[in-house]
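Heads up, the thing below is written out as structure tokens.
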Amino acid sequence: MANNTDVNINDENAPQVPKHIAIIMDGNGRWARRRGMPRVAGHNAGMKALKEIVRICSDMGVKYLTVYAFSTENWKRPQDEVTGIFKIMVYYIQKELRELAEKNVRIRVLGNWDAIPEEAEKSMEHALAETEKNDGMVFNIALNYGGRTEITDAFRKIAAEAAAEGKSPEEFADSITEELIGSAMTTAGMPDPDMIIRTGGEMRLSNFLLWQCAYSEFIYTDVFWPDFDEKELKRCIEEFNSRHRRYGGL
Ligand code: IPE
Ligand code: IPE
Ligand code: MG
């Protein structure tokens, strides 16, 4: 006899694990300041939280996990903080790559990561190549990512292809569809995020997934990113499950 903790897959009211979870990992700096530590210590603690959340999401059966690691606007920060963030990222990838690969996780990078420090670029290239054939959870790292830049680049790409094909202005205009724009985004072929979690108490997107968020459920928590754990993730998923997604219908 099934015990009452078994998930009934035929029950449409049973909790659903979102297929695509996106996270704005915010609050590292404030976490550190509260402890009288430098901001970089907050980023380091944030990487530890990320490591756990990636493992938990993969075990839960999440298909896509997208995390906002560094925005196109974050270059405005002091040089030593920027350098520190990338150093911590390189260390994380080096340390975790084997486990991620064993878990069949596929790492992808969203954003213009050619513009990041060379060491970080190399380590990302290595991580991508090592996990390229994996078909488990897709782990998207949004690095030097900005939603407006992504949309702008997509339009450039579409225009360049139309020019190469010798399309007339009318043919070009007619060819533009939502599908075409979606396929020119860095998330081409992936489903839109079901929910976007933002830690750290702010209620804004800060240029994250502007095109893809059309029908995402937004979930905000005051918890600073380094303190975000399995319990808090499960609470967010519960909140997601309590929402009624109508997509404009009734
Ligand atoms: C998020 O934490 C990490 C990055 C933006 C790289 P913050 O560094 O923004 O932390 P707060 O918002 O200052 O607390
Ligand atoms: C958003 O956080 C970017 C990342 C989490 C990487 P920010 O801390 O940069 O956002 P703002 O400045 O509060 O909008
Ligand atoms: Mg912040």
Side-chain angles (χ1 to χ4, degrees), residues 21-29 31-32 38-51 53-54 64-101 105-132 134 137-157 160 184-190 193 196 198-200 204-213 225-226:
I21 298 179
I23 309 180
I24 302 172
M25 308 184 290
D26 196 24
N28 293 349
W31 181 93
R39 291 181 57 85
V40 178
H43 296 307
N44 200 35
M47 271 301 166
K48 290 187 183 146
L50 176 61
K51 177 188 149 186
I53 294 302
V54 173
Y64 298 85
L65 173 68
T66 302
V67 300
Y68 206 4
F70 193 87
S71 77
T72 46
E73 288 72 36
N74 287 146
W75 296 107
K76 291 176 195 159
R77 297 188 180 199
Q79 181 67 45
D80 61 342
E81 180 174 346
V82 170
T83 309
I85 290 171
F86 286 111
K87 278 215 171 102
I88 290 163
M89 218 171 294
V90 169
Y91 178 72
Y92 165 80
I93 292 290
Q94 278 169 354
K95 215 163 144 271
E96 298 305 316
L97 188 56
R98 184 191 295 250
E99 195 190 322
L100 292 171
V105 168
R106 180 170 180 190
I107 300 176
R108 307 278 300 259
V109 178
L110 311 181
N112 178 10
W113 52 294
D114 296 346
I116 65 176
E118 204 185 325
E119 199 194 0
E121 192 191 340
K122 277 201 188 123
S123 115
M124 286 299 161
E125 265 167 9
H126 178 61
L128 259 58
E130 287 288 305
T131 63
E132 193 179 34
N134 292 353
M137 185 177 83
V138 174
F139 174 35
N140 289 317
I141 305 173
L143 200 53
N144 191 21
Y145 174 88
R148 287 191 170 177
T149 299
E150 183 186 33
I151 294 170
T152 307
D153 288 346
F155 274 88
R156 288 205 177 113
K157 193 172 154 202
M185 295 288 165
T186 56
T187 51
M190 303 183 202
I196 299 182
R198 182 168 185 143
T199 62
R204 57 176 169 260
L205 272 175
S206 303
N207 205 11
F208 192 44
L209 300 177
L210 299 183
W211 172 264
Q212 298 85 346
C213 75
W225 175 249

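Numbering of residues begins at 1 and proceeds along the displayed sequence.
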Residue pair [X] / [Y]: nearest heavy atoms and the distance that separates them:
X: Tyr64; Y: Gly189; answer: OH-O, 4.3 Å
X: Ile196; Y: Cys213; answer: CD1-CB, 3.7 Å
X: Ala127; Y: Ile107; answer: CB-CD1, 3.9 Å
X: Val105; Y: Phe139; answer: CG1-CB, 3.6 Å

Give the C-alpha distance, both sets of side-chain angles, the deciding distance and a yes or no for side-chain contact (heavy atoms from CB on, under 4.5 Å) between Ile23 and Leu65. CA-CA 8 Å; Ile23 309 180; Leu65 173 68; 4.0 Å; yes
Within the distance-only criterion (no hydrogens, no angle test), does the side chain of [X] pair as donor or acceptor with the backbone N or O of [Y] below 3.5 angstrom?
X: Asn144; Y: Gly111; value: no
X: Glu150; Y: Thr186; value: yes
X: Asn74; Y: Val82; value: no

Roughly how far, to the nearest 0.5 Å, is the CD1 atom of Ile141 from the CZ atom of Arg108?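 Nearest 0.5 Å value for the CZ-CD1 distance: 12.0 Å.
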Rounded to the nearest 0.5 Å, what separates atom CE in Met190 from atom CG in Asn140?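 The CE atom of Met190 sits 4.0 Å away from the CG atom of Asn140.
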Working note: Met89 + Met124, criterion side-chain contact (heavy atoms from CB on, under 4.5 Å); need CA distance, chi angles, decisive distance, verdict. CA-CA 9 Å; Met89 218 171 294; Met124 286 299 161; 4.0 Å; yes
Test side-chain contact (heavy atoms from CB on, under 4.5 Å) applied to Val54 and Tyr92, step by step: CA-CA 12 Å; Val54 173; Tyr92 165 80; 3.8 Å; yes
How far apart are the C-alpha atoms of Arg198 and Arg204, what are their side-chain angles, what is the distance that settles it, and do they pass the side-chain contact (heavy atoms from CB on, under 4.5 Å) test? CA-CA 8 Å; Arg198 182 168 185 143; Arg204 57 176 169 260; 3.6 Å; yes
In terms of relative ring orientation, are Phe70 and Phe86 parallel, tilted or perpendicular, with 30° and 60° separating the classes?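 Tilted.
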According to salt bridge (Lys or Arg N to Asp or Glu O under 4.0 Å), does anything in residues 68-83 pair up with another residue at least two apart or in another chain? List the pairs.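 Passing the test, one end in residues 68-83: Arg39-Glu81, Arg77-Glu81.
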Would you indicate whether the side-chain heavy atoms of Arg106 and Met137 approach each other to under 4.5 Å?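 In short, these two side chains do not touch, never coming nearer than 4.5 Å.
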side-chain hydrogen bond (donor to acceptor under 3.5 Å, both in side chains) partners of residues 111-120, not counting sequence neighbours, each pair once: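 Every side-chain hydrogen bond (donor to acceptor under 3.5 Å, both in side chains) pair that includes a residue of residues 111-120, provided the two are not neighbours, is Glu118-Lys122.
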As a test of understanding, state which of Ile24, Asp26, Ile53 forms a side chain to side chain contact (heavy atoms under 4.5 Å, CB included) with Trp225.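 By the side chain to side chain contact (heavy atoms under 4.5 Å, CB included) criterion, Trp225 pairs with just one of Ile24, Asp26, Ile53: Ile53.
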